[in-house]
Q: 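Below is the structure I would like to discuss, written out as C-alpha cells.
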2 protein chains.
Amino acid sequence: MKISSEPSVGGELWEMLPVGPRRALAQAAASEFGKRGYHATTTRHIAEHVGMSPAGLYVHYASKAELLFTISRIGHESVLSESSAALEGISSPDERVHALVRSFTIWHAVNHNLARVIQYELRSLEPKHYQVIAAIRRSTEALAAEVFRPLFRDAESLSMHTVAILSLGIDVARWYVPGRSPDPIVLGEAYAKLARNLLRA
Amino acid sequence: MKISSEPSVGGELWEMLPVGPRRALAQAAASEFGKRGYHATTTRHIAEHVGMSPAGLYVHYASKAELLFTISRIGHESVLSESSAALEGISSPDERVHALVRSFTIWHAVNHNLARVIQYELRSLEPKHYQVIAAIRRSTEALAAEVFRPLFRDAESLSMHTVAILSLGIDVARWYVPGRSPDPIVLGEAYAKLARNLLRA
DNA sequence: GCGCTTACTAAGCGCTTGCTTACCTTGCAT
DNA sequence: ATGCAAGGTAAGCAAGCGCTTAGTAAGCGC
C-alpha cells in the first residue's frame, strides 16, 4: 500500500500553503527567524528576502506574529504527521522505537532552521497562538510516550526516558550545521541505535 | 583536602562580581534574558528589576551587549570549572563519565535560567564577545571528549556520542520547570546512569 | 569647609520598529 | 469599454528602543 507515496523526508512541508507570495513569505520568515531569532528579525528583513516592499507583507499576513504562528503550526504538524507516518505498519516495540527516533531526528536535521523556530521561539508566540501549538506538542509527546511505554513498568521512568530521547532529537536543531554535521539519514540511524541502547535498563 | 569547601552546587556563581549594583544588575539581566530572551528584554526591564532608573544601568555597564557578555562568560566559566572540579581525584573511566554527566546535568537544572542564556543566546553576542565565549566552549567540549575517549576506538564515534550526551544536559535548560521537574540531584544521578547505558556499545 | 569622585535620576534624543494610509497598477467579469 | 477586486508600492506615523546629557546628592581625603 505504500506504492505511490514514500515518506520522502520532508518534501511536502509547505504544501498546505498555496504556491505564491503567501508560501514564499512563510518560507522567508522561517529562514530569517531561524537564523536571527524572532525578535531580532524585522518585517523588512522578511520582505527583502522575497523581493517585496515592507508593506507588501501585510497584504498576505495580518502581522509578524501571525507569520510566526503559521510557521510554527506548519512545523509542529509536520513533525507529528511524519512521526506518525514512520510508525505505520510497524508492530514490534523495538522497531517502533527505532522508526520514531529515526524519523524525529531526521526531521530536526533536515529542517534544522525551521526546527529552531518551533523549538526555541515558543515564548515568542502570543498566548492564543501558544495554546494551539501546545496542543499539537502534547499530541507528539503522547505519541512518543505510547511508543516507549511497552518498555517500561513505572510511569516515572517512562516519562524521564521520553524526555531524554526527545531531547536528543530536539537539540539537533541547536548544533546542526549543514556542511559540517553528519548526513541526516546517517544521524537518524545512529541516534535510533543510541536510543535503543538507552532504553534497555 | 576537601574539608572547608564542598562542591556546593552552584553557590559561588556570581562571586567574581563585587557585591553591589554590578552583581545585582548581572543577576537581574540573567533572570530577564532567561525569561524573555535577549532581544525581547529592554534595559528598562533590567533597571526596574533592581529598582533603578534606566540610566543607572550605564554607570556600571557600557551597554546591554556588555551585560550579555558578562553573564555569558560567568556562566560558561562556571560550567567549565564545576565540570573540572567534579572530576578531581577520580581515575576510573566509568566513574569519570558518571561524575561529569552528573555535574553537567545538575548545573543546567539548578541554573536553568542562566543556562538558557548561555546556550541559546550565542548568536546575540557581538562578534568579539563571541570569540571569547567560543574559546571557553571549546575547552568544555574538549574536557568532555577527554573523559569519554577511553571508551571509544574511532574518533567519529567518540564525537557523536560526546555531542549526544552533552545534548541531554544542555536540553535540560529548555524544559526544566522548578516545581514540576525532578530535583536537580535526582535528575543528575539518573542522567549519569543513562549516559553510561548509552556509552556501552 | 572645600573640592572631587562616585552613584544616581529626569528628561529626552535619534533611530528603528511594526504597521497604516493613500495611491497605483493589472487582470478580468460584465 | 468599464467597474472593481487583488496585489503591490512610497511615504510616513506612533511607539518603543538603546543610550546620552545635564544636573543632584552623598561620601571622603585633606
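Quantities reported herein were computed from a predicted structural model and do not represent experimental measurements. Each chain gets a letter, A, B and so on, in the order the sequences are listed, and its residues count up from 1.
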Q: If I take atom NE2 in residue A/His39 and atom C1' in nucleotide C/dG18, what distance separates them, rounded to the nearest angstrom?
A: 13 Å

Q: Consider the side chain of B/Ala55, meaning its heavy atoms from C-beta on, and name the nucleotide among C/dT20, D/dT20, D/dG18 that approaches it most closely.
A: D/dT20

Q: Can you tell me how far C1' of D/dA11 sits from OH of A/Tyr58, to the nearest Å?
A: 15 Å

Q: Figure out the CE/C1' separation between B/Met52 and D/dC19, and round it to whole Å.
A: 16 Å

Q: Within this structure, what is the NZ-to-C1' distance between A/Lys64 and C/dT16, rounded to whole angstrom?
A: 12 Å

Q: Tell me whether the OP1 or OP2 atom of C/dC8 has a side-chain N or O from B/His60 closer than 4.0 Å.
A: yes

Q: Between P on D/dA6 and CZ on A/Arg22, what's the gap in Å once rounded to a whole number?
A: 15 Å

Q: Rounded at 0.5 Å granularity, tell me how far CZ in A/Arg149 sits from OG in A/Ser159.
A: 10.0 Å

Q: From CD of B/Glu66 over to P of D/dG18, roughly how many Å is that when rounded to an integer?
A: 15 Å

Q: Where the side chain of A/Pro21 is concerned, which of D/dC19, C/dT17, D/dG8 is the nearest nucleotide?
A: D/dG8

Q: Any chance the side chains of A/Ser78 and A/Trp107 put a donor and an acceptor closer than 3.5 Å?
A: yes

Q: Heavy atoms only, 4.0 Å cut-off, all strands: where does A/Thr42 land among base, sugar-phosphate and nothing?
A: sugar-phosphate

Q: Out of B/Asp171, B/Leu168, B/Ile165, which residue meets the side chain to side chain contact (heavy atoms under 4.5 Å, CB included) rule with A/Leu168?
A: B/Leu168

Q: Between D/dA10 and A/Ser53, is there an OP1 or OP2 to side-chain N/O distance shorter than 4.0 Å?
A: no

Q: So does A/Arg138 pair up with A/Glu141, basic N to acidic O under 4.0 Å?
A: no

Q: I'd like to know whether NZ of B/Lys35 has more than 12 heavy-atom contacts from other residues, nucleotides or ligands below 6.0 angstrom.
A: yes

Q: Please report how far the helix from C/dG1-D/dC30 to C/dT30-D/dA1 bends, comparing the axis fitted to its first five pairs with the axis fitted to its last five, to the nearest 10 degrees.
A: 10°

Q: Could you please name the option among C/dC8, C/dG18, D/dG18 that lies closest to any side-chain atom of B/Val59?
A: C/dC8

Q: Which atoms form the tightest heavy-atom contact between B/Val117 and B/Ala30, and what is the distance?
A: CG2-O, 3.9 Å

Q: Round to a whole Å and report the spacing from CG of A/Leu57 to C1' of D/dA10.
A: 16 Å

Q: In terms of side-chain heavy atoms, does B/His45 have a donor or acceptor partner in B/Thr42 at a distance below 3.5 Å?
A: yes

Q: Mapping A/Ala62 and A/His45 onto DNA chain C by nearest heavy atom, which one lands closer to the 5' end?
A: A/His45

Q: Send over the distance from A/Arg44 CZ to C/dC19 P, rounded to a whole Å.
A: 11 Å

